[in-house]
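Reviewing the structure listed below.
To find a chain, count down the sequence lines: A is the first, B the second, and so on, and within it residues start at 1.
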Amino acid sequence: MGANLRGGGCRPYNGPSHTIPGAGSMSEWQRTVTCNDIRPTHVGQSVTLNGWVLTSRNFGNQTFIDLRDRYGLTQVVFEADDKTLFDAANKLGTEFCISVTGTVRPRVAGKERADIDTGAVELLATKLTVLNTCPPLPFQINEFGSELANEDIRLQHRYLDLRRRSLQKTLILRHRVCKTIRDFLDTRGFLEVETPLLGKSTPEGARDYLVPSRISHGEFYALPQSPQLYKQLLMVSGYDKYFQIAKCLRDEDLRADRQPEFTQLDLEMSFVERDDVLSLMEQLAAEIVKQVHGITVPTPFPRLSYADAMSKYGSDKPDLRFGLEIVDVTDLAGASEFGVFKNALAAGGIVRAINAKGAAEKFSNTQLKPGGELPKVAETFKAKGLAWMKAEGGKLTGTIEKFFSDDLKAKLKERLGVADGDLLLFVADKEAVVCDALGAVRSHLGASLKLYRNWWDEKAEAEKEGKPFAVRPEHFNFAWVVDFPMFAFDDEEKRWVAIHHPFTAPMDADLPTMETSPGTAKAKAYDMVLNGYEVGGGSIRIHRQDVQARVFKMLGMEMEEAKARFGFLLDALNSGAPPHGGIALGLDRWCMIMAGTTNIRDVIAFPKNKQARDLMSGAPAAVEPRQLRDLGIKVG
RNA sequence: GGGGGCGUAGCUCAAUUGGUUAGAGUACCGGACUGUCGAUCCGGUGGUUGCGGGUUCGAGUCCCGUCGCCCUCGCCA
């Protein structure tokens, strides 16, 4: 994070007089500057600071207080000449909220600090007002050590945790990202329109959060999983270019990067084709990186078909900061005598492999046995095992090598580009399992072999070694994944489901054959991928009622049911709906990557824990019987 | 719901194969000290080892159960 985060644009005071504009009669304790304002040019001036006591260092005749607000840090000195003032200063506790008036003076020569903005000066206190005291803290909120208290304790006292510099920086960064988005889109003619929180439950997709109706007992609103339908209706209404930084709610289990309520940049445009949306969004993405990190990432972003992403990287959100591509070896495996491979093929499966260049020595045979480090990764994603060979002394070795003829081994080496020291990893199974398992193995190898570095890891390392560090464009590897399939067959529900969502348009070429071969139909859908994270997803929408009705039918929804659930949408599509499409960016994930954290709770001011509880307020909680009576609800 | 990790002072962590009165740092309280900046030095308060049961002469440590937190798979159109 660069200098652009240092309270940039956040200071209310910028006049040379350091007074609040229009503040006629200021009370005696109100600040005239913030804790990040005083500089050598202010020496001799009398100023007043408001802030919190970060630390206190007491000597016989002097006490130093580091006073903190969200703008920065100022050292305040109390001297023993004024006994009353000095005694009062020595009674200050950590995190007391105080007002100090004093005279700006230079620090003693040679005692300046380069690491804080006010480090050349200090404030000699002449007056102290305690605005509020603070009891001993439940946990330490300074960040000098690396040991943070347990997260549940910090979440219980989030108002204290948010005083930490790194969380303050993150929230400032989040503001910067939102501001960039609004400025960028405003410049290009977009309107920010708010859509309702109380809406109608949608049958497909995630579980809804429901809100009971008091006026109509037994009926429920649903909180939006996204503003999808409303933004499409805005297009029908002719608003042409819409966006919203919108709260979305999904009642599903949480993860390190998933909260029950999260924020999306939701955007929709009329009279556009796919490339218009992609082009606009890559400009926006580049602008965000530029505003936050001061670097320019190359545009346009590479585009990768879904099919290529899955076969080469085993994922529809591949991390392209490293290669390690997956290669199909089904034909060679089928010609071998290895029972596991032959059985997988007989069951309609495939065999693919990764060549981990030079990794043979990094993984012992024990680590490669069932239950070992790498097989465990593959097994987590339903692979029955992970077969391997090593290339040593010009030969392939390992327990399965004997099942391959010399000719097959030669072909294998050629196809996988094998050299001595390489480790070959194979998975044989149904295609979906092979992709998931090898995709996970690839990610695992990428991290453990350090084939890429997160910018924040590199930064931490550099700081540890006292070396300079600058974020570089290659730390942000963007790509588009396009040409998604339209449908996937759900084995449990025994029906076709939408890969993206039911409002996504099929490719024009697939329109006539959508019903007869749904498995091959492609959608006008696209995902923005950054370093292995899906940071955005969207599509060109269906804008014709007949097409929408056909898609609903494919998903097992008869016309009657479709009309009951989405009649308003079908009617709207029939009322001069323009061609339109859009995208949604996961704002929280964006902020995580920009801020350098893997925990989504770090970029949300008041997050829920893993059980979707707010540990500070205690939500969710029981309510008064009267409230339930009003709603006509009985709790069993 | 499945798999994994964790739970010892307000906080962060120690505690040999099961073995004396469960220690340290920090925070807090008191004292010393004129330039510190994670100040330093001296002293002090602070514990039902998450909870319940079991094995044992003896349990923070072993076993069973339970609660809580985190990671992960499922799930998240």
Side-chain angles (χ1 to χ4, degrees), chain A residues 54-67 73-81 86 90-91 93-95 105-116 118-119 122 124 134-157 160-161 202-208 225-226 228 248-260 262 371 376-377 379-382 436-437 440 484 486-488 490 492-493 495-504 523 525 534 537 539 551 555 557 584 586 598-599 601 609-611 613 615:
Chain A
L54 179 66
T55 56
S56 157
R57 297 173 293 278
N58 170 246
F59 291 77
N61 292 319
Q62 276 178 322
T63 288
F64 299 93
I65 301 270
D66 286 344
L67 196 65
L73 206 64
T74 296
Q75 172 165 279
V76 181
V77 190
F78 293 86
E79 299 204 327
D81 320 358
F86 190 65
N90 287 332
K91 284 193 186 119
T94 306
E95 295 304 318
R105 71 180 187 190
R107 293 198 183 196
V108 169
K111 299 292 185 184
E112 298 89 353
R113 281 188 64 167
D115 57 334
I116 58 174
T118 62
E122 63 190 11
L124 175 64
C134 183
L137 298 167
F139 58 93
Q140 285 158 256
I141 68 178
N142 65 35
E143 294 184 287
F144 299 125
S146 56
E147 295 164 337
L148 287 176
N150 274 336
E151 198 181 16
D152 49 331
I153 292 161
R154 288 185 285 121
L155 286 173
Q156 277 169 38
H157 307 272
L160 294 176
D161 204 29
T202 52
E204 298 216 18
R207 197 177 288 115
D208 284 318
Q225 298 178 27
S226 88
Q228 178 64 33
C248 303
L249 299 102
R250 295 178 189 176
D251 189 3
E252 296 290 347
D253 284 359
L254 280 60
R255 288 286 165 74
D257 62 349
R258 209 190 291 166
Q259 283 273 302
F262 60 101
K376 244 181 177 167
V377 173
E379 285 156 20
T380 303
F381 291 85
K382 299 214 172 72
D436 284 356
F484 280 80
M486 187 75 190
F487 304 106
D490 188 313
E492 273 183 28
E493 292 193 41
R495 68 177 183 95
W496 293 96
V497 296
I499 290 264
H500 190 58
H501 58 50
F503 317 110
T504 297
E534 181 196 327
S539 62
V551 169
L555 300 173
M557 218 187 294
T598 52
N599 180 348
R601 296 179 293 274
N609 75 355
K610 182 75 192 315
Q611 317 305 320
R613 304 198 72 91
L615 294 178

What is the distance, rounded to the nearest whole Å, between atom CG of A:Asp436 and atom C1' of B:C75? 14 Å
Protein-nucleotide distance (A:Asn609, atom CG; B:C69, atom P), rounded to Å: 6 Å
Check the distance between B:A39's C1' and A:Gln62's CD and give it to me in whole angstrom. 13 Å
Spacing between A:Asp66 atom CG and B:G38 atom P, to the nearest angstrom: 8 Å
Hey, what are the protein-to-nucleotides 29-33 of chain B N/O distances that come in under 3.5 Å?
| from | atom 1 | to | atom 2 | distance (Å) |
| --- | --- | --- | --- | --- |
| B:C33 | N3 | A:Asn58 | O | 3.3 |
| B:C33 | N4 | A:Asn58 | OD1 | 2.6 |

Which is true for A:Arg495 with a 4.0 Å heavy-atom rule: it touches a base, it touches only sugar-phosphate, or it touches nothing? nothing
Using a 4.0 Å heavy-atom cut-off across all strands, classify A:Phe503 as base, sugar-phosphate, or nothing. nothing
At less than 4.0 Å, is any side-chain N or O atom of A:Thr94 found next to OP1 or OP2 of B:C28? Yes or no. yes
Donor-acceptor pair (no angle test) under 3.5 Å: A:Asp253 side chain, B:G74 base: yes
Rounded distance in Å - CD (A:Glu122) to C1' (B:G35): 8 Å
Touch check for A:Arg154, heavy atoms < 4.0 angstrom, all strands: base, sugar-phosphate only, or nothing? nothing
Has the side chain of A:Arg250 got a donor or acceptor that lies under 3.5 Å from a partner of the other kind on the base of B:C76? no
Given the structure, check if the side chain of A:Lys610 and the base of B:U72 hold any donor-acceptor pair shorter than 3.5 Å. yes
Could you write out each protein N or O paired with an N or O of nucleotides 46-51 of chain B at a distance under 3.5 Å?
none

Spacing between A:Ile141 atom CD1 and B:U26 atom C1', to the nearest angstrom: 15 Å
Describe the nucleic acid contact of A:Gln611 in one word from base, sugar-phosphate, nothing, applying a heavy-atom distance below 4.0 Å. sugar-phosphate
Dot-bracket summary - RNA chain B, pairs being Watson-Crick or G-U whose distances fall under 3.5 Å, with | when paired to another strand: (((((((..((((.....[...)))).(((((.......))))).....(((((..]....))))))))))))....
Counting heavy atoms from C-beta on, name the nucleotide in B:U72, B:G74, B:C28 closest to the side chain of A:Ala256. B:U72
Can we say A:Arg250 and A:Glu252 salt-bridge, meaning some charged N sits less than 4.0 Å from an Asp/Glu carboxylate O? no
Please produce a list of atom pairs where a protein N or O lies less than 3.5 Å from an N or O of nucleotides 9-15 of chain B.
| from | atom 1 | to | atom 2 | distance (Å) |
| --- | --- | --- | --- | --- |
| B:G10 | O2' | A:Pro138 | O | 2.7 |
| B:C11 | O4' | A:Pro138 | O | 3.4 |
| B:U12 | OP1 | A:Asn150 | N | 2.7 |
| B:U12 | OP1 | A:Asn150 | ND2 | 3.4 |
| B:U12 | O2' | A:Glu147 | OE1 | 3.1 |
| B:U12 | O2' | A:Glu147 | OE2 | 2.8 |

A:Asp161: what forms a salt bridge (Lys or Arg N to Asp or Glu O under 4.0 Å) with it, not counting sequence neighbours? A:Arg154, A:Arg158, A:Arg164
Give the nucleotide from the list B:C37, B:U72, B:C75 with an atom nearest to the side chain of A:Arg113. B:C37
Rounding to the closest angstrom, what is the interatomic distance between B:C62 and B:U49 at atom C1'? 15 Å
A:Arg57 CZ to B:C37 C1', in whole Å, measures 3 Å
Starting at the 5' end of RNA chain B, which residue's closest nucleotide do you reach first, A:Ile499 or A:Arg613? A:Arg613
Minimum-distance nucleotide (side-chain atoms of A:Arg107 versus B:G35, B:G74, B:C71): B:G35
Which nucleotide in the set B:C73, B:C71, B:C75 lies at the smallest distance from any side-chain heavy atom of A:Glu252? B:C75
B:G23 versus B:U45 - spacing of their P atoms, nearest Å: 13 Å
Under a 3.5 Å distance rule, please check whether A:Asn599 uses its side chain to pair with a backbone N or O of A:Arg601 as donor and acceptor. yes
Nearest-angstrom distance from the residue atom CG of A:Asp152 to C1' of B:C71: 14 Å
Mind checking side-chain contact (heavy atoms from CB on, under 4.5 Å) for A:Ala256 and listing every partner two or more places apart, or none if nothing turns up? none
Answer yes or no: does a side-chain N or O of A:Arg255 lie under 4.0 Å from OP1 or OP2 of B:C73? yes
